[in-house]
Amino acid sequence: LSSAGFSGVVGNPPYFLLQGTGLQGIVQRSDADIFSGSNDVSHFFLKRACQKTRTGGRFAFIVTRYWLEAHFSRGLRGFLASHARPTLLIDFGNLQVWPEVNVLTVIAAFSKGASATPTQVYVSRNGDADSAVAFLRSCSSDPACCQYEVASEVFGDDPWRLRALQNPGLWNKIRAQSIPLSDVCDNTQGIKTGNNAVFTVSEEVAVSTHLDRDWLLPLVQAHQIRRYEVLAEKEYVIYTDGARDIEQAPAIASYLSPHESVLRQRAECSEGLYPWWRLQRPRDPRLIRSGRRILAPLYSTHNRFFPTTESYVGMTDVYILVPTSNEYFCMFLAAILNSALLDSYHRTFCKVKRAGYLEYSGAALSSLPVRRIAFATPKAERERLLIQGKELYRRGLQSGDLGKCLLFVHQRLPQEPNGCPEIDSEQSDVVHDLLAFLAEEMVRLHKEKQSETRGFLTWLEGYVAVAIDDPKNKT
């Protein structure tokens, strides 16, 4: 009977992942339509609330927000869209409702059955409020700053990207003129050693133990990655991927041998799935040992991409992007990725974390938009125009006015009256080359800054007769 059920259901269900619990198999059998293998238990409370509400009734929960956008929650979104319509969505973003609870939340209210009433959506944007309470107050006192009315029919099984409601035209325009980063880049998560203390060595240790340099890769920590620079110390990972036998590197074998019993206790190694001296997750050697690459931290408050030709690697909190295109330059990609526009795009569509952090996982990186380039300008003209663009840039730096350089770029990218690019007449490959040059300049200037800093610290050590690392009250 359509009238059976409750008129209203309100709740704050528990939040925890079902993976690794005894409930996993139970809900897989009872709720196969929304089961994904990566569900939060609150997903099933949402489904039950919908089932227990009568047609025309309402149900509302405050729950973890990740089901709004996560690919593994497609089944849940599809179920809710098929049986109910959202009437109110309050997305707290990365504001924690309960500071001591490590979860980000959304208030979601639904009407059971079909409804022509638009959905009221409130979205917390980064920096708008410093707490969940302040955000809720702004929703009632100044709703125009964060409120949207959305036709409820748009909420289906695709991700409900509420943060994208602010500038939908901009995001659609960007996508229409772009290709996904995955078209021109492969990416991999950093290495998982299973025992960082054993597999990580300093320059001093590498020299004193005569470690085979071909088995060492320079290591970067996530916090050392900046836009166009890396603040890495001379550390290395012993890269034993299993492709070569450890006996081919006697010094490496000798260095690791005292730790054999500890290394054998690592996950899967204890089951005999790989040799005791191999890294737990060496990743794809083709990507790990590649030259050109771009490094990014897995978590950051803003875009931080470092382009390099050295084989820097990171641990699991670092992602490595390796260009696969001979046309799209690595430095151009770095310039795009570090731009304010891509920073805004990513914080709109990525997975948000606590304290203002954003996630830069492989899937998120692969979907980032890169401006489509028409590589059609004749070589000689393309080279001539690049020289002209560089000269305009240098003159602009000297005068403090980059207007002529920007005009030069604008002339290379003519637009139709509707704002779409004139593909047949644009010279976007020239702009591509100019951006690559500017990224190279950024890297060069950062290297010069680091060199000057090291020189000053060396002088200071001599002047005060104390090693810089010794003083305790230094800034």
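Computed from heavy atoms alone, side chains included, the values below leave out hydrogens, waters and symmetry copies.
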Would you please say whether a donor-acceptor pair under 3.5 Å links the side chains of [X] and [Y]?
X: D186; Y: T324; answer: no
X: S366; Y: N187; answer: yes
X: N102; Y: R354; answer: yes

Does a side-chain N-to-carboxylate-O contact under 4.0 Å join [X] and [Y]?
X: R304; Y: E229; answer: no
X: D157; Y: R77; answer: no
X: K47; Y: D31; answer: yes
X: R371; Y: E426; answer: yes
X: E440; Y: R444; answer: no

Parallel, tilted or perpendicular: which fits the ring planes of [X] and [Y], with parallel below 30° and perpendicular above 60°?
X: F110; Y: F59; result: parallel
X: H432; Y: F332; result: tilted
X: W67; Y: W160; result: perpendicular

Could you tell me the separation between the [atom1] atom of [X] and the [atom2] atom of [Y], rounded to the nearest 0.5 Å?
X: L279; Y: I238; atom1: CG; atom2: CD1; result: 8.5 Å
X: M442; Y: M331; atom1: CE; atom2: CE; result: 11.0 Å
X: Q166; Y: Y148; atom1: CD; atom2: OH; result: 4.0 Å
X: N196; Y: E235; atom1: CG; atom2: CD; result: 10.0 Å

State whether F45 and R48 meet the cation-pi test: NZ (Lys) or CZ (Arg) under 6.0 Å from the six-membered ring centroid, and within 45° of the perpendicular axis.
->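 Geometry flag: not set, cation outside 6.0 Å or 45°.
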